[in-house]
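Per chain, numbering begins at 1; letters A, B, ... match sequence-line order.
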Amino acid sequence: MIYEGKRKIWSEYQKEIPDDHYFYVRSCIRQSFFPASEATFLRITREALGKDIFETEHHTTCGGIAYHSDTIPQETVMTIIARQFALMAKYGYENYVCSCITSFGLYCETLETWREFPELEAKIRDNLWKSCKLEFAKPKFLIHASDLIYKYRNNIAAQAVRKLVNVHTGEPLKVVEHIGCHYSKMFPSKGVGGAEYPYVLVGMIEAWGGEIVDYPERRHCCGFGFRQYFIKGNRGYSLSNTHKKFESMEPFKPDLIITNCPGCPYFLDRWQYVIAESTGKTYGQDGHGIPALTYEEVAGLVMGYDPWDLGLQTHQVGVEPLLDKMGVEYDPAKKYLGKGGKDLGTPVACSCLR
Amino acid sequence: MVDFGFGLVPSSRINLDLFDKEKYEELAAMEPDVRVCMACGSCTAVCTAGRLVQTSLREAIEDLKNARPEKALEMLGACQLCGKCSMVCPRGINTRHLILSITKVYSAG
Amino acid sequence: MKNNILIIGGGPAGLEASAQLQRMGYNVILIEKSPRLGGHLAKWDRLFPDGVPADDVLGGLIKELNGVKYFTDTDIRAINRLEKSYNVRLTNGITVLSDAVLVASGFDLFDAVRKEEYGYGIYDRVITNADLEAWFKTGSDKRIDNPRKIGFVHCVGSRDEKSGCRSCSKVCCATAVKQAIEVKQAFPEAEVFCFYMDLRLFGRHYEDLYLKAQKEYGIRFIRGRVAEVSENIDGTLVVKAEDTVASKPLKATLDLLVLMSGMRPSASGKAVGDLLEMTVEEDGYFAVRSGIAAGQRSPLPGLFLAGAATGPKTLPETLADARAAAVEIDRYLTEIFPDARNYKQLVRERW
Amino acid sequence: MTPLNLILAAQAADPEVIDRIPSGYSHFVIPFTIGMTFMLCWIGVGCVRLLAAIPRADRLKFWKSLFIPKTVVRNLKDLFGDCLLHVKIWQRKPLLGYMHSAIAFGWFMLIVLGHIEVALFVPARLNVARGGLFYPIFYRYFVWMNPGHTTLRGSFFFFLMDFFLLYVLTGIAMAVFKRFRSIVLGMRHTTKPSLADRVALYSLWLIFPLRLLAESFTADLSGGSFLTVGVNHFWHFLFGDKLWFTPCWWAYSICLGLFFAAMPFSRYMHILTEVLWILLRNAGIKPSHPRKGVAEAEIYACSSCGLCLDACPMNVQKKNLKYSSVYFIRFLRRHNEKKINAIADKCLMCDKCHALCPVCVDAPALRRAQRATGNNALPYNYSYLETGVSGADVPSKGSERGGVLYFAGCMTHLTPRIIKAVDKVFKAAGIEYSFADRDGGVCCGRPLMLAGRLEAAAKVIEANKKMIEESGCETLVLSCPICYKVFKEEYGLRGIKVIHYTQFINDLIASGKLKVEKTGERIVYHDPCELGRGCGVYIEPRAALGQAGNLVKARKEYDESVCCGGSLGSLTLDTRDRAKIAESSLDNLLANDPDTIVTACPLCLKTFSEAVSNSGRPPGGVAVKDFAEVIAG
């Protein structure tokens, strides 16, 4: 691997990321699966970085899942998106930050489509007016939430209490980065680092002291694939897809997977459990799995946030070995305690995955 | 083991790393023509058995090169050795001997 | 009177045209921007289809120059079109008043780095056709370390709208087959795969070369474009393609991957073209006057084109093109140029 | 001049011949006796082994056949005709025939007459214990002619013996000559002799000159006739009275001994094995294995004469001579598995070597048996045939008997002009027919059989047979000789007349149903291997074509016709080699400058069409047509 070659490509794919005043829209899936990640994102942006970030309870889904499952037409999804843009304009923002990669891709697709076909944009404007009596303005900047963290990665590193380093050996942690497919594969110029060698997460890992693992199937989808997962008859494809990735990364012995998409941490996490329980195969050390975290969770860890506040107990793959490696102090007794010390109940132990 | 109602799906992907070079060379020594096929499909088009069952010499040759000899054998099992393919092959491949040789080399052990 | 003719580009087209025109009695000035004559030919080891050493061919071309004035390391600073002639200032300080100009600016090899998915410049064992040719010549390239499995990717920067190269580069198929044979000669135990979209082996003896590659060297031709390359922990490469004949995705682990970089319009040729306000077609190559019969005339009177400046060509085609250009220039300088009174009318009628 | 009655009287009184050496033995007989004994043991053991390897039923059939009068007559005819007189060689190459019969029949007569002499004059010596093994051979050494008691009977035998010795010697002289200039005797190629062959050959060459030498040395003692006595006088003239004859008899005995000792390892084994092979062949027993049982008799019956070398169409290239039947059989004898397989797979199965073989060795059949050893057991899956294969066009009025069913076959579908022409001819003759494989059918099975895949062939035969029987047709017309042969020989279609279209159409012409207009076209007819040598159909196509144009002759015709090279018989012959054969076959056909080459096989048609267009002949030269095309006009 020739690092200089990659740097050259990274330098060619840089995008402009605004400094402040963000309009934030959440992800349907992440709110349910990893709600603490979005909370952490807001905490870091507001508290650690001191930025103005606004969100409104009136925004809805972008329609992406339905769109990619072929259940609603493109014009419908564009009108939904137009409404989000209208909300942004209404609150006086022009820097649109979305938490979801599917949304990010869809927003990019919509804006590019409008650019190519202005008559379609006019039609959607009309649709929005007819349906909601709203007018929209296109965002000045459209970024993904990970772009924002990427922009301030060094700022975060400066405030960090620890690095992505194994405290026992002093070696940097080996980190697999997994980028959501719709981040830059459709429009390479819209993602930091482009499509082939995306830099957005690599930049964070480098800034926070980790070592990047480049394995053959790094480009492969996490396995979500919408229809492959939603239809049970196809679910084997989703699983096999993820399995292929793990088989490919296994020789590199990664300590951690870092992701920037709602579905990816979910599938890279849960399918490890399914693979383990149905075939007996595990990919971490001593029967453990490889923790698959969101970039916010990783940022929170280096910033010294409490792992249970970061929601790490919501992962199927146990994070304790990782926390031990990083020297994070945690109280195992509090793992399954909710707000105000309420007992959330302990999940049943798995038979194969430790 | 838990049954989730779904599981790993066997890959349909060709894996050239599984290619058995020794066996293929044994075949090529027996019938060197196997190397010169350019996948035009004439053989498949005229195949007598092909009218009745899915079979293709072109595909069988591909299957050998693509590390799927069992598929090749399955396909050639239908062959009646009528020789039409040898008449139409633009590269003059000795198709009947090739078919016999493939069957001989790959069905042994 | 001896007319001055300026020939831009010291590759095969420029050399051949220079020699022909010199022989016809013209005063030829040949300029080449790089330090040596020969263009890409000077970097090549052997040529398809018969494997003749490139140096022999180049040596033959240079030998024929026979008194042509040539300047290497020389570019054009400015060009002024006078009524009939061109006033050209060269970077070496010389000014040439030229009655005809022949642009033989050739081509550039496609920069394989641009096909990011192939990882040229990123993965240790991905090289280009030019790298391999250099290795044939010099024998030194640490990326080539007794490879057991070698892949060739055809059409890198050819027939690829994404890379802005719609056209076929014409020579890569035959070059790939030639190089596959040579690499197999160097490593007889190796397995060699050629990943192609279409095999365009159109020329005389090319099909024989292809047959030889299959029959004698056991080279495997796989119809399908490599779409993704990645690196294993041990530095070997995983390539993914579709075997479109089998209609199945395909994976192979290789020790060496050779990218067949295609032909692109020459960047420095383009700079010359800008100075002359020459027309460039959508594909980036210079336009000839009009239609397929226009031959080597550019839309501008007195300005001629030869070789790969007007699109990908094989070496024999380039040489034939150069000879044709010499004939065209001679016709122009004897029939149109000397007639001072009717020059403009003649140009209108016969250019 | 002594009156006959006097001679007879004198003979009654005094023996005409006296045992010169009372013991009836001399040391010089040892080499011969050893060689002869060895050979007899070898052949005895071989016969037992061979017969034991034949399946029981076949063995019984063999013993029985020896008592069936018809077979006995045939055996005698073949034994005399083939083994001794070499009638088959005579017919094709008279000089070669003379040479072979001179040596074989001459030697045979010497042996028979020698024994008769012993039986007549010293009958006690026929007893094996008293030297019966060697005595008749060296008769002239052991006896002394009672001077003045020679009878006409004795002179008669002296004369016969000298006559046949001379006869053999002329044959030997020709054989020696042939070794150096074979073409004079009509052979372009001869076999390369092995070591044992050479030993036996040189011994054989020497045996009879030495015999002449020995017998002529002793002729003044033991008598002789025009040859031996004459030569004896010559020796006396040269050397005076002292003739030192023992070394000659030693040399003669050594040569004989060497010859018989080398015989089992040499081509000359055929002299004896051929007898067994003729008996087995006439008993109707077919080899089921390429080496064992009957096949063994067959391969040892091969005389390595090399006639098959010239017969083989592959001989157009010298490098392919090694695939000829004679070498196939030689390697079968030597158990050289690799070469056996290579030769077995290369053969075009044109059957010409079999047709021309003086001992009727069916080498192509042995090759097929050899192929079967490797190929018969290979896996196949014809389950798709079991659901029943319908002929696309099998008669809607199928239940009515009497219909004509036409089966084009796989290859004919690659030459649609045949199909079209057949249709035109049938329509012209008012024949209503059904087209069994209009949309393609199942292969006839012959190609599988040729490849040694007998079991698989049985399956496709079964499928086709079912289809044909269900069609209810009465006549099955085939345009492909490959199909025709297998339908006729293997299908066992009861109540259905299987006929080749050349025969069928010839019948239509003969019965006046079809009118053919005669043109001046010069036509040469090529006998397809499977139709001619394979099925014996030579006359009908020629008869029909003779109505349509002027038949001209090819250089070699009928059972000597040269394979076109396109045969399905060969498994390994490559395109270039095939093209060479096609070119030579074409050359053969063009000997008398015909306008048109006509054949009656889709493979030949395609092969010749390609050969003509690839041969660089000027366009508009010779045309290549199918039989039906010419008839259709």
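Within a 6.0 Å radius of CZ in B:Phe6, more than 12 heavy atoms belonging to other residues, nucleotides or ligands are found. Taking a 6.0 Å sphere around CD of B:Glu74, one finds it holds 12 or fewer heavy atoms contributed by other residues, nucleotides or ligands. More than 12 non-hydrogen atoms from other residues, nucleotides or ligands lie less than 6.0 angstrom from CD of B:Glu70. Heavy atoms from other residues, nucleotides or ligands lying under 6.0 Å from NZ of B:Lys21 number more than 12. At most 12 non-hydrogen atoms from other residues, nucleotides or ligands lie less than 6.0 angstrom from NZ of A:Lys190.
Top candidate by heavy-atom pairs under 4.5 Å with chain B, chosen from A:Gly233, A:Gly236, A:Gly280, is A:Gly236.
Contact annotation: the side chain of A:Ser278 never approaches that of B:Val2 to less than 4.5 Å [non-hydrogen atoms, C-beta and beyond]. Between A:Cys352 and B:Met1, some side-chain heavy-atom pair lies under the 4.5 Å cut-off.
A distance of 11.5 Å separates CG in B:Leu8 from NZ in A:Lys244, rounded to the nearest 0.5 Å.
Of all heavy-atom pairs spanning A:Ser240 and B:Gly7, the tightest one is OG-O, 4.3 Å.
No part of A:Thr242 comes within reach of chain B, as not one of its non-hydrogen atoms sits under 4.5 angstrom from that chain.
With B:Phe4 as the partner, the side chain to side chain contact (heavy atoms under 4.5 Å, CB included) test is satisfied by one option alone out of A:Glu277, A:Arg235, A:Lys232: A:Glu277.
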